[in-house]
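As the structure lists them, so they are numbered: ligands from 1, and atoms in each ligand from 1.
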Amino acid sequence: CADVAMYQAKELGRNNYQFFTSGMTERAQESLEMENKLRKALDNQELLLHYQPQVDMASGAIIGMEALLRWQHPVMGLVSPGKFIPLAEETGLILPIGKWVLQEACRQAVLWQQAGYPAWTMAVNISAKQFWQADLVDTIGQALEESGFDSGLLELEITESAIMQDAEKAIDTMLRIRERGIKLAIDDFGTGYSSLSCLRRFPLSKLKIDRSFTNDILDGEDRGAIAEGIMALARTLKLDVIAEGIEKAEQMEFLLAKGCTEGQGFHLGRPMPAEGLADYYLQKVSLTSCANVVSQSAW
Ligand code: C2E
Ligand code: MG
Ligand code: MG
Ligand code: MG
């Protein structure tokens with residue numbers, strides 16, 4: 001990209017060359033400033049987690065939560081992960097940040113249990129860079145020990161592209177994770193390039209149907225054929241399956257009819273701060289048949 005810009009600038013003459021160079025410097029400067037801000041974000045306690053419910057669509061019950069990282073900057077406001085995770089990956093800042101996410105998500109899960117909520121799974125996103133760290137399993141173990149969270153309720157979400165970088169080594173790491181009882185899900189499934197023969201050998205627990213395929217149920221030409229294909233694949237491989245990005249009741253109905261019972265999406269619940277859970281939960285249980293049982297146990 002830079003080469004093309006230079007080439008065009010040279011074509012246009014010296015002054016333009018100057019112009020393009022300063023433009024590029026500006027961008028480099030901006031990215032450096034962003035990096036410096038992100039570097040301070042952890043210490044300044046500007047990072048926080050939102051939680052999105054994962055729901056059993058047949059009964060309406062919450063079965064888990066996914067922790068989603070947010071950056072609340074004093075000037076920039078709430079920054080979404082799409083805007084800073086790539087930078088965090090590039091700079092290696094994802095390592096201390098990812099460690100914090102694991103600790104914080106486990107801590108919150110235990111707080112909810114202590115408050116009387118059911119034993120939900122806590123799903124945590126693990127970036128490729130984190131996945132390939134030699135001390136990953138220790139870092140996870142430490143978060144579990146410090147919080148007292150049950151390893152059987154922790155689920156790590158990794159991407160196809162992360163584990164396909166070196167399938168043999170990935171299997172080794174994944175086995176060490178599974179040995180501790182921790183679950184492993186593939187996030188955004190169907191968007192990467194995992195070979196089916198590799199997939200069979202990965203010690204996985206779950207596939208997460210990417211939200212583009214959930215979207216296709218109503219808006220795509222294939223009318224949900226890919227989502228259905230992933231469900232069939234999950235059945236063959238004896239894996240759980242969850243659909244993400246469910247925004248409409250009709251998508252949910254399609255998925256349920258085809259045998260996918262777990263779902264996540266704005267239609268079922270938006271990501272929310274931990275403090276928002278009580279309201280969401282009360283509203284939810286008043287809509288489901290288990291309302292009586294739940295109200296006796298928690299408060
Ligand atoms: P993801 O793990 O696939 O998470 C799902 C994303 O889809 C979230 O975006 C969520 O807010 C959004 N979403 C949920 N339901 C719906 C829906 O019905 N419609 C639409 N349009 N979107 C929906 P978010 O929170 O902006 O996160 C984006 C991505 O950033 C995540 O995708 C994940 O890859 C990454 N990420 C988030 N938190 C972390 C983290 O703690 N560590 C790492 N390494 N990556 C993270
Ligand atoms: Mg995820
Ligand atoms: Mg996803
Ligand atoms: Mg995604």
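- Residue E157 approaches the Mg ion (ligand 2) most closely through its N/O/S atom OE1.
- Between S80 and ligand 1, no pair of N/O atoms sits closer than 3.5 Å.
- Between the side chains of E146 and Q142, at least one donor-acceptor pair of N or O atoms lies under 3.5 Å.
- A donor atom on one side chain and an acceptor atom on the other are found under 3.5 Å apart for E89 and S127.
- Salt bridge E253/K258: absent, no basic N to carboxylate O contact under 4.0 Å.
- Vertex the Mg ion (ligand 2); arms to N125 OD1 and E66 OE2; angle rounded to 10 degrees, 90°.
- Within ligand 1, the atoms closer than 4.0 Å to a non-hydrogen atom of E244 are 3 (O), numbered from 1 in the order shown.
- When V79, D187, L102, D210 are ranked by how near their heavy atoms come to atom 2 (O) of ligand 1, first place goes to D187.
- For a distance bound of 2.8 Å, the N, O or S atoms of E244 include one lying that close to the Mg ion (ligand 3).
- Here H267 has no heavy atoms under 4.0 Å from ligand 1, in either its backbone or its side chain.
- Among the backbone and side-chain atoms of D187, an N, O or S atom lies under 2.8 Å from the Mg ion (ligand 3).
- Within the listing of ligand 1, atoms 18 (O) sit less than 4.0 angstrom from a heavy atom of I246.
- Linking ILVMFWY residues whenever their side-chain heavy atoms come closer than 4.5 Å, directly or via other members, leaves L282 and I63 in distinct clusters.
- Atoms of ligand 1 found under 4.0 Å from any heavy atom of S127, numbered from 1 in the order shown, are 44 (N).
- The atom of D188 nearest to the Mg ion (ligand 3) is OD1, with the search restricted to N, O or S atoms.
- Those atoms of ligand 1 that come under 4.0 Å of a heavy atom in P271, given as number and element, are 11 (O).
- Residues F149 and W120 place their aromatic rings such that the two centres sit no closer than 6.0 Å.
- Considering backbone and side-chain atoms alike, E247 places an N or O below 3.5 Å from some N or O of ligand 1.
- Smallest separation of non-hydrogen atoms from E157 and A123: OE2-CB, 3.5 Å.
- Residues E66 and N125 bring a donor and an acceptor atom of their side chains to less than 3.5 Å of each other.
- Judged by distance alone, with hydrogens and angles left aside, the side-chain atoms of R211 form no donor-acceptor pair with the main-chain N or O of E244 at under 3.5 Å.
- In this structure, L268 and G263 approach most closely via the heavy-atom pair CD1-C, 3.5 Å.
- Put simply, part of R70 is less than 4.0 Å from ligand 1, judged by heavy atoms.
- Using modelled atom types, one finds a donor on one side chain and an acceptor on the other under 3.5 Å when comparing Q54 with Q264.
- Considering backbone and side-chain atoms together, F266 places an N or O closer than 3.5 Å to an N or O of ligand 1.
- Judged by distance alone, with hydrogens and angles left aside, the side-chain atoms of Q133 form a donor-acceptor pair with the main-chain N or O of K129 at under 3.5 Å.
- Residue contacts with ligand 1 leave out K208, since none of its heavy atoms falls under 4.0 Å from the ligand.
- Taking a cut-off of under 4.0 Å to the non-hydrogen atoms of V101, the atoms of ligand 1 that pass are 41 (O).
- Closest of all the heavy-atom pairs between M34 and K83 is CE-O, 4.4 Å.
- Taking every non-hydrogen atom of Q52 and a distance limit under 4.0 Å, the qualifying atoms of ligand 1 come out as 14 (C), 15 (N).
- Under the 3.5 Å distance criterion, with hydrogens and angles disregarded, no donor-acceptor pair is assigned to the side chains of Q130 and K99.
- The shortest N/O to N/O separation between R211 and ligand 1 falls below 3.5 Å.
- For the pair L68 and ligand 1, the shortest N or O to N or O distance does not fall below 3.5 Å.
- Within the 4.0 Å heavy-atom cutoff, G82 does not count among the residues contacting ligand 1.
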